[in-house]
Every structure is written in C-alpha cells, then in structure tokens.
Amino acid sequence: MQYPNICRAQFVARPNRFVARVLRDGTEETVHVKNTGRCRELLVPGATVYLTEGDNPNRKTRYDLVAVEKGPLLVNLDSQAPNKVFAEWARAGNFRPGLTLLRPETVWGNSRFDFYWEAADGRKGFVEVKGVTLEENGHARFPDAPTLRGVKHLEELALCRREGYEAAVCFVLQMAGMVDFAPNDATHPAFGAALRRAAAEGVQVLAVECTVTPDSLALCRPVPVKL
C-alpha cells in the first residue's frame, strides 16, 4: 500500500490518543495519529515522524501521522494498514494456495472476523489480523497494552476450529529486521495464555514482517513465532 503526499516532521507531544503536535518546517501543527495505542516507546519528543496529507478540506487536521523512526528502525503506526497489506499479500497467493474468496469483516455466530476465506479445494476459514508496533532489541511483541478484545478474538477462533473451519491469527509486524515474534506476557499474560491455548487447538499463528518506507508498507517475510 502507498501513502500520498508524505512529508517529514519532528514529534513534540501527544495531548490525547487521537492527535499529536509536531514541528513541520519549523511550524507547529496538530495532526491526527492513526493509532490509538500507547506507542510510548515510539512517540518521544524529537522523534522523526512521517505525515500524509489528507484530501478532505473539511477535516480538523490537515495531516495523518503514519510512521516514526526509532533509532535505525522505521515503524509504521497506521492501525488500519495491517488489514490492507494482509489482503494484498493474501490475494497475491501468499496465504493459501488457490484462494477463491477473501471477504473482510465477516460475521459468524456472535463473532465478527477480519477475513473469511475459501479456496478452490474446498477449504475455508477465518483470519484475525493484529498490527504489531512494539519492538524490544529486535524481538517483536504484542500487545503493548492489555487487550481483552484480543483474548476474545483468540477464543472465537478456537471455537471456529472446533466447528470444522480453519482458523488463523496473523501478526503483521509493521517494521523490518525482526528476529522473532512472541506474546508480550509481561504486559498481558492472559493474552499469551489465550494464544497458546488457541495454537494447541489448531489455530495457526503467523507473524509476517513488513518492508516499510515513509510512503509505503508491504508484507514481505515470515518470522519465527515463539510461544
């Protein structure tokens, strides 16, 4: 996926989870942050960030903050991007061979999954996609804050598996060069426990890192998952 009209700025502060103050060409601007997560280790004063200019003249903010430099690492922060790049990756034949259908936002029972898929050989299943922006010494971790919603998604995927569907959770690492991926047990041990239970019930756990530039994002390489 591509972002139009990218420009560079320096992060100043984040008054709330929706907006940030940045310096662009020496002028302070209020911009929309496309990620409501904490991102405390990323959005630090002075950090170089990248903005994309919106095309809606009625918006309160002119720019969206979509990426940040963390030392030599460039991290995409757009929380809407993982589903988009997963869909591109899957439709290019990288998820399941012979894919004939990839439908987003599909309701099954009391659940709504990111994707439902079917393949030419009759296989079918559900996928949940999780964006990952937390990195510790080259190791990707999720979540960066407790997520009861994430635990619920894993339990629902396990239920799908019991009903005969294939089920997978794909962690999209919004950065490159990761050694591996693991659940962040220190922050939310219940999520790690739920992920291990889901895996034991046959839910596939994938972690795929991205090629990241200031104006693009694309899934590129699976990394080892350490449960």
Side-chain angles (χ1 to χ4, degrees), residues 1 35-37 78-134 139-174 178 180-210 217-227:
M1 63 172 289
N35 189 316
T36 58
D78 183 354
S79 61
Q80 297 175 356
N83 282 33
K84 294 178 182 178
V85 295
F86 175 84
E88 292 174 353
W89 183 74
R91 288 180 175 128
N94 297 300
F95 175 60
R96 293 287 187 271
L99 199 68
T100 59
L101 175 69
L102 186 70
R103 187 170 65 216
E105 296 295 322
T106 298
V107 174
W108 180 78
N110 295 320
S111 308
R112 180 186 293 273
F113 294 106
D114 287 330
F115 294 98
Y116 168 74
W117 62 270
E118 295 178 356
D121 59 4
R123 299 163 67 194
K124 55 188 177 181
F126 295 94
V127 187
E128 271 295 308
V129 177
K130 304 293 183 188
V132 179
T133 62
L134 178 62
H139 303 273
R141 300 288 183 260
F142 182 91
D144 66 354
T147 171
L148 296 176
R149 184 168 177 262
V151 171
K152 180 174 179 286
H153 285 158
L154 294 174
E155 293 171 345
E156 291 168 338
L157 284 172
L159 181 59
C160 285
R161 193 74 185 97
R162 288 178 223 135
E163 294 291 328
Y165 292 90
E166 292 190 30
V169 55
C170 182
F171 294 94
V172 172
L173 315 186
Q174 294 170 256
M178 295 297 99
D180 57 28
F181 166 82
N184 189 2
D185 292 309
T187 294
H188 195 193
F191 181 86
L195 185 61
R196 294 179 185 96
R197 286 195 305 270
E201 293 203 42
V203 175
Q204 184 183 19
V205 181
L206 297 169
V208 188
E209 70 178 19
C210 291
L217 188 73
L219 284 176
C220 65
R221 183 181 74 93
V223 303
V225 174
K226 300 296 179 67
L227 295 180

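We use all heavy atoms of the structure for the numbers below, so side chains are in, but hydrogens, waters and symmetry mates are not.
With contacts defined as side-chain heavy-atom distances shorter than 4.5 Å, the pair T36/S79 does not qualify. Taking 4.5 Å as the limit, some side-chain heavy atom of V205 sits within range of a side-chain heavy atom of F171. Between L157 and R162, the closest side-chain pair of non-hydrogen atoms is not below 4.5 Å. Within the 4.5 Å cutoff, side-chain heavy atoms of L206 are placed close to those of F95. Taking 4.5 Å as the limit, every side-chain heavy atom of Q204 sits out of range of all side-chain heavy atoms of E166. L173 has its side chain out of reach of C210: every pair of non-hydrogen atoms, C-beta onward, lies at least 4.5 Å apart. Within the 4.5 Å cutoff, the side chain of R96 has no heavy atoms near those of the V127 side chain. Put simply, the side chain of L154 does not reach to within 4.5 Å of the side chain of R197, judged on heavy atoms.
Looking only at distances, no side-chain donor or acceptor of E88 sits under 3.5 Å from a matching main-chain atom of A218.
Across every non-hydrogen atom of V208 and L219, the tightest pair is O-CD2, 3.6 Å. Listed here is the closest heavy atom pair of F126 and W117: N-NE1, 3.8 Å. Heavy atoms only, all atoms of each residue included: N94 and W89 are closest at ND2-O, 3.0 Å. Contact detail for P82 and V172: the closest heavy-atom pair is CB-CB, 3.9 Å. When all heavy atoms are compared, the tightest approach of N184 to P143 is ND2-O, 2.8 Å. When every heavy atom of T100 is checked against every heavy atom of A120, the shortest pair comes out as CG2-N, 3.6 Å.
F115 CZ to L101 CG: the interatomic distance, rounded to the nearest 0.5 Å, is 11.0 Å. The structure places NE2 of H153 at 11.5 Å from CG of L148, a figure rounded to the nearest 0.5 Å. For the atom pair CG (D185) and CZ (F191), the distance works out to 10.0 Å, reported to the nearest 0.5 Å. A distance of 6.5 Å separates CE of M178 from CD of E209, quoted to the nearest 0.5 Å. Rounded to the nearest 0.5 angstrom, N35 CG and Q80 CD are separated by 10.0 Å. With rounding to the nearest 0.5 Å, the separation of CZ in R141 from OG1 in T187 is 10.5 Å.
Within 6.0 Å of atom CG in D121, more than 12 heavy atoms from other residues, nucleotides or ligands are found, so the atom counts as buried in its surroundings.
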Checklist entry - Does the pair V169 and L195 meet the rule for a side-chain contact (heavy atoms from CB on, under 4.5 Å), with working shown? => result CA-CA 9 Å; V169 55; L195 185 61; 4.0 Å; yes
Item to check | side-chain contact (heavy atoms from CB on, under 4.5 Å) between E128 and E156, worked out | outcome: CA-CA 10 Å; E128 271 295 308; E156 291 168 338; over 6 Å; no
Next on the checklist: Run the side-chain contact (heavy atoms from CB on, under 4.5 Å) test on E105 and D114 for me, step by step, so that the C-alpha distance in whole Å, both residues' side-chain angles and the decisive distance to 0.1 Å come before the verdict.
Outcome noted: CA-CA 5 Å; E105 296 295 322; D114 287 330; 3.9 Å; yes
Checklist entry - side-chain contact (heavy atoms from CB on, under 4.5 Å) between V151 and H188: does it pass, once the steps are laid out? => result CA-CA 10 Å; V151 171; H188 195 193; 3.8 Å; yes
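Between the side chains of H139 and K226, no donor N or O sits under 3.5 Å from an acceptor N or O.
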